[in-house]
Amino acid sequence: MAAKKEIQTSVEDKYIIDVENFERERLSFKFLVIDKFFEKKSENLENLMNLKEKEIFEKILLLEKKLDNTENSENNLLKQFVLPGTSLIEAIFRILVLNKNKPMTISEMESNLREAWATVIYLKSYTHDTISRMLNAPNEYFIKKTEN
């Protein structure tokens with residue numbers, strides 16, 4: 001009788017921003033997101049700070065609708081907010097915010113980075129291994145592996 005071959009199913013880990021860790025460290029996740037995604041003149045900072053996280057994510061999506069109404073179809077939130085000069089960890093943070101902080105795999109993040117940085121003349125290292133090492137170490141944006 002032939003031995004059964006064991007099938008290994010590898011589900012890629014997913015990552016999120018640990019918003020509760022911002023609170024534990026007495027930092028404001030909402031302020032950080034507002035600072036990175038909204039022009040200071042566009043809305044009253046106080047009004048934005050009074051919104052819930054979910055509402056802030058919705059406001060960010062409204063920015064995309066404004067971009068869709070412009071003539072240049074190349075515009076999208078990813079290319080507007082994940083610029084070539086953005087550090088890798090901040091780019092991942094912004095990608096997670098644009099995804100409403102829903103869990104993402106490193107492969108999904110890499111795909112977003114390729115789209116955002118498609119026109120970059122110089123090379124950036126954002127390999128799976130580089131991103132994995134960065135996210136599995138303590139980082140300033142409290143990005144962590146999900147428990148699920």
Side-chain angles (χ1 to χ4, degrees), residues 9-148:
T9 56
S10 173
V11 177
E12 197 173 351
D13 293 327
K14 292 190 175 195
Y15 295 83
I16 59 167
I17 302 164
D18 184 356
V19 177
E20 290 79 27
N21 208 2
F22 275 88
E23 293 170 16
R24 282 191 294 276
E25 296 292 326
R26 297 180 180 253
L27 298 170
S28 174
F29 173 73
K30 287 195 296 189
F31 181 80
L32 184 61
V33 171
I34 290 165
D35 185 54
K36 294 189 181 301
F37 286 88
F38 296 94
E39 292 180 25
K40 308 305 181 253
K41 301 173 190 172
S42 68
E43 288 201 43
N44 185 337
L45 180 62
E46 192 175 321
N47 290 342
L48 288 169
M49 286 299 291
N50 289 328
L51 296 175
K52 295 177 182 168
E53 287 167 31
K54 183 179 177 181
E55 294 170 319
I56 292 172
F57 293 142
E58 294 303 320
K59 286 270 190 191
I60 292 170
L61 292 181
L62 288 176
L63 295 174
E64 187 166 39
K65 288 181 182 176
K66 288 178 188 175
L67 288 175
D68 288 342
N69 293 330
T70 62
E71 290 179 26
N72 188 354
S73 62
E74 289 284 320
N75 283 339
N76 67 42
L77 288 179
L78 188 60
K79 289 183 180 180
Q80 181 175 343
F81 291 108
V82 184
L83 301 172
T86 308
S87 71
L88 183 57
I89 188 69
E90 184 165 332
I92 298 293
F93 173 80
R94 290 176 182 215
I95 287 168
L96 286 166
V97 169
L98 289 171
N99 195 45
K100 299 181 181 180
N101 200 28
K102 293 178 184 164
M104 293 181 76
T105 65
I106 291 175
S107 296
E108 291 168 326
M109 293 175 201
E110 285 176 307
S111 175
N112 278 268
L113 288 167
R114 274 192 299 278
E115 182 180 338
W117 291 343
T119 59
V120 177
I121 296 171
Y122 55 92
L123 296 175
K124 281 193 169 258
S125 176
Y126 55 91
T127 64
H128 192 282
D129 187 49
T130 302
I131 296 171
S132 177
R133 277 186 280 122
M134 181 183 65
L135 295 181
N136 289 311
N139 61 74
E140 63 198 88
Y141 293 104
F142 305 112
I143 299 169
K144 68 171 191 170
K145 196 180 304 183
T146 58
E147 304 298 317
N148 303 3

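Here, residue 1 is the first one in the sequence, and each next residue gets the next number.
Between Leu113 and Leu88 the shortest side-chain heavy-atom distance falls below 4.5 Å. The shortest side-chain heavy-atom distance between Phe31 and Leu48 does not fall under the 4.5 Å cut-off. Trp117 places a side-chain heavy atom less than 4.5 Å from the side chain of Tyr126. Taking 4.5 Å as the limit, some side-chain heavy atom of Ile34 sits within range of a side-chain heavy atom of Met49. Taking 4.5 Å as the limit, some side-chain heavy atom of Leu96 sits within range of a side-chain heavy atom of Met104. Side-chain contact between Asn112 and Asn99 is absent, with no heavy-atom pair separated by less than 4.5 Å. Two residues are said to be in side-chain contact when any heavy atoms from C-beta on lie closer than 4.5 Å; Gln80 and Leu63 fail this criterion. Counting heavy atoms from C-beta on, the side chains of Glu140 and Ile89 come closer than 4.5 Å.
The aromatic rings of Phe81 and Phe37 sit tilted, their planes meeting at an angle between 30° and 60°. Below 30°, between 30° and 60°, or above 60°: for Phe22 and Phe93 the angle between ring planes is between 30° and 60°, a tilted geometry.
Inspection of the Glu90 and Tyr141 side chains reveals an N or O donor paired with an N or O acceptor under 3.5 Å.
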Applying side chain to side chain contact (heavy atoms under 4.5 Å, CB included), run through Ile60 and Val33 and close with a yes or a no. CA-CA 10 Å; Ile60 292 170; Val33 171; 3.8 Å; yes
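When all heavy atoms of Ser107 and Glu12 are compared, the pair lying nearest together is OG-OE1, 2.9 Å. Across Glu110 and His128, no two heavy atoms sit closer than the pair OE2-N, 2.8 Å.
In this structure, Lys102 NZ and Ile16 CD1 are separated by 13.0 Å, a value rounded to the nearest 0.5 Å. Rounded to the nearest 0.5 Å, atoms OG1 (Thr86) and CD1 (Ile92) are 11.0 Å apart. Between Ile95 atom CD1 and Leu77 atom CG the span is 12.0 Å, to the nearest 0.5 Å. Note that OH of Tyr15 and CD1 of Ile131 are 10.0 Å apart. Values are rounded to the nearest 0.5 Å. Atom CD1 of Ile106 is separated from atom CG of Asn136 by 6.5 Å, given to the nearest 0.5 angstrom. Between atom CG of residue Asp18 and atom CD of residue Glu25 there is a gap of 10.0 Å, rounded to the nearest 0.5 Å.
Under the 3.5 Å distance criterion, the side-chain polar atoms of Glu115 are left unmatched by any main-chain donor or acceptor of Leu78. Although no hydrogens or angles enter the test, the distance criterion places a donor-acceptor pair under 3.5 Å between the side chain of Thr146 and the main chain of Lys14.
Ion pairing of Lys100 with Glu58 is present here, as a side-chain N (NZ or NE/NH1/NH2) and a carboxylate O approach within less than 4.0 Å.
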